[in-house]
Amino acid sequence: MGNRYLIPPLPAPHSSLYMNYKIAVIPGDGIGREVTVQAVEVLKAVGEKFGHSFEMTEVDAGGCAIDKYGEALPQATLEVCKQSDSVLLGAVGGPKWDTLPGNQRPEQALLGLRKGLGLFANLRPAVLHRALKDASPLKPEIIGDGLDIMVVRELTGGIYFGARETKGNEAYDTMRYSEEEVERIARTAFEIAGKRNKKLLSVDKANILDTSRLWRSVVDKLAREYPEVEVDHMYVDNAAMQLVRNPKQFDVIVTGNMFGDILSDEASMITGSIGMLPSASLGTGKIGMYEPVHGSAPDIAGQDKANPLATIVSAAMMLRYSFGLAAEADAVEEAVGKVLDKGCRTGDIMSEGMKLVGTKEMGALVIQAL
Ligand code: IPM
Ligand code: MG
C-alpha cells in the first residue's frame with residue numbers, strides 16, 4: 001500500500017481537536033470477527049505509539065444479530081454507532097441466513113447503517129500494491145506499472161432505496177435520484193479528482209434511464225465549478241468492458257449506487273487482491289463507516305486463513321478521514337507495505353517463494369512493523 005492510499009482529505013477535513021476517539025466495532029459474521037480483531041489490535045498499537053486513546057465498543061449487526069435479537073440491525077446498535085466518532089465493520093451475511101425474506105437478511109444491517117448514519121459517499125480505492133504486481137488476473141501489458149482507481153459510489157439512494165414490491169408473479173424496484181443527491185456525491189468526486197490527477201469519469205446509462213440523464217446534467221452543471229477537472233461520461237456497460245480492456249485510462253469514477261456496487265467489485269478484482277482493499281463510507285459530518293471490500297467468506301471462517309489487511313487499511317482510512325490523523329494513517333499503511341515487501345502473505349495473495357502466514361500472524365507483523 002505504501003503511499004498509494006494517500007487520498008487527499010475531503011473538502012472540510014474532519015478536525016482532530018481531541019485525542020479520545022469513540023469507535024463502534026461491528027465484527028459481524030464469518031471472517032468478520034477475525035479480521036476486525038486484528039484491525040482493533042493495530043488501532044490499539046497506534047494509540048500507544050501516538051498517544052491517542054481509542055474507546056471501542058463492540059456491537060452486533062448482521063446474521064449474528066438476527067440470531068440473538070431477531071433483527072439484523074438492532075436499534076441499540078445504531079444508537080451506539082450514532083454516538084461514536086466512527087464505525088469499524090468486518091463483514092455481514094452467510095449461507096445460514098440466505099433463505100430469509102429480502103427485508104430480513106443480514107445485508108439489511110449495512111443498508112440501515114448507511115442510511116441511518118447518512119453515509120452517502122462510498123470511497124473504494126482499487127490499488128495494486130507494489131509487492132503484488134503479479135496478483136492481477138489481467139495480462140502484465142494491460143496492467144502496466146500498476147493500478148490506482150478510486151470508485152466513488154453513491155450509497156444512500158437509487159434503486160437500493162426506492163420503492164419495491166413483489167405482488168403475485170410480479171416484482172418491481174424503483175431507481176430514483178434527486179438533483180441534491182447527485183450533486184453532493186458528484187461534489188465529493190470532483191474534490192477527490194481535483195487532488196489526484198484531475199480526471200473524473202461519471203458512469204451512467206443515460207441512453208436509457210431518466211435518472212442517468214438527470215445525473216449527467218447535474219455532473220455537467222457542477223463541472224463549471226471545477227474547471228481544472230477534466231470530466232467525461234461513459235455508459236456503464238462500456239465502463240465494465242473498458243475496465244478489463246484498458247484499466248489504466250481510469251482515475252476517479254463517480255457513479256450511482258448499483259452501478260458502483262458492480263463496478264467496484266470489478267475494479268477490485270482486477271487488482272487481484274480483493275483481500276487487500278479497504279473502503280470508507282462518509283457523510284457530511286465526521287462520522288464514517290470503514291470496512292473491507294471483501295465479504296464474510298464463510299468457507300474459511302474461523303480457520304485463521306483470512307487476510308486482515310483490508311480491514312487494517314480500512315482502519316487507516318478511518319484515522320485519516322474521520323479523525324484527521326494523517327501521520328498515523330501513513331504509519332499503518334507503510335507498516336502494511338513493509339510486511340508485504342518482506343514477502344509475508346495470507347493464502348489469498350500467496351505466490352511462489354513467499355511466506356504463508358495466518359490472520360493473527362499477519363496482524364502481529366503489521367504491529368511489529370509499526
Ligand atoms: C457492498 C455489498 C453490499 C451492497 C451488500 C452486501 C448489501 O455488495 O457493500 O458492495 O450491495 O452494497
Ligand atoms: Mg458489492
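Values below: all heavy atoms of this structure, side chains included; hydrogens, waters and symmetry mates excluded. Counting starts at 1 for both ligands and their atoms, following the listed order.
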**Message:** Give me the nearest non-hydrogen protein atom to atom 2 (C) of ligand 1 as residue plus atom name, then the distance to 0.1 Å.
**Reply:** Asp261 OD1, 4.0 Å

**Prompt:** Do ligand 1 and Arg124 have nitrogen or oxygen atoms that lie under 3.5 Å from each other?
**Reply:** yes

**Request:** State whether the side chain of Ser281 and the backbone N or O of Asn122 hold a donor-acceptor pair below 3.5 Å, judged by distance alone.
**Result:** no

**Asked** Would a 4.5 Å heavy-atom cut-off, applied to side chains only, mark Arg176 and Glu181 as touching?
**Response** yes

**Message:** Does atom CG (Asp134) have a neighbourhood of more than 12 heavy atoms from anything else shown, all under 6.0 Å?
**Reply:** no

**Prompt:** Taking the six-membered ring for Trp, are Tyr177 and Trp215 parallel (under 30°), tilted (30 to 60°) or perpendicular (over 60°)?
**Reply:** perpendicular

**Request:** Report yes or no: does Asp251 contribute a side-chain atom to a donor-acceptor pair with the main-chain N or O of Asn197 at less than 3.5 Å?
**Result:** yes

**Request:** Can you sort out which atoms of ligand 1 are near Arg153, meaning under 4.0 Å from one of its heavy atoms?
**Result:** 1 (C), 4 (C), 9 (O), 10 (O), 11 (O), 12 (O)

**Item:** For Leu113, the option from Val92, Leu119, Ile26 that meets side-chain contact (heavy atoms from CB on, under 4.5 Å)
**Value:** Ile26

**Asked** In terms of ring plane angle, is the pair Tyr21 and His52 parallel, tilted or perpendicular, where the classes change at 30° and 60°?
**Response** perpendicular

**Request:** Mark the output for His294 as yes if a heavy-atom distance to ligand 1 is under 4.0 Å, and as no if none is.
**Result:** no

**Request:** Verify the distance criterion only: is there a donor paired with an acceptor across the side chains of Arg245 and Gln242 at less than 3.5 Å?
**Result:** yes

**Where ligand 1 meets Leu110 - atom numbers and elements under 4.0 angstrom, heavy-atom basis** = 6 (C)

**Message:** Can you report which non-hydrogen protein atom sits closest to atom 4 (C) of ligand 1, along with the distance?
**Reply:** Tyr160 OH, 3.5 Å

**Item:** Which of the ligand 1 atoms, numbered from 1, are nearer than 4.0 Å to a heavy atom of Glu107
**Value:** 6 (C), 7 (C)

**Message:** Check for me whether Arg114 has a heavy atom closer than 4.0 Å to any atom of ligand 1.
**Reply:** yes

**Request:** Could you name all protein N, O or S atoms found under 2.8 Å from the Mg ion (ligand 2)?
**Result:** Asp261 OD1

**Message:** Counting only heavy atoms not in Glu170 (residues, nucleotides, ligands), do more than 12 fall under 6.0 Å from its CD?
**Reply:** no

**Message:** Would you compute the distance between atom CE of Met175 and atom CG of Leu209 and round it to the nearest 0.5 angstrom?
**Reply:** 5.0 Å

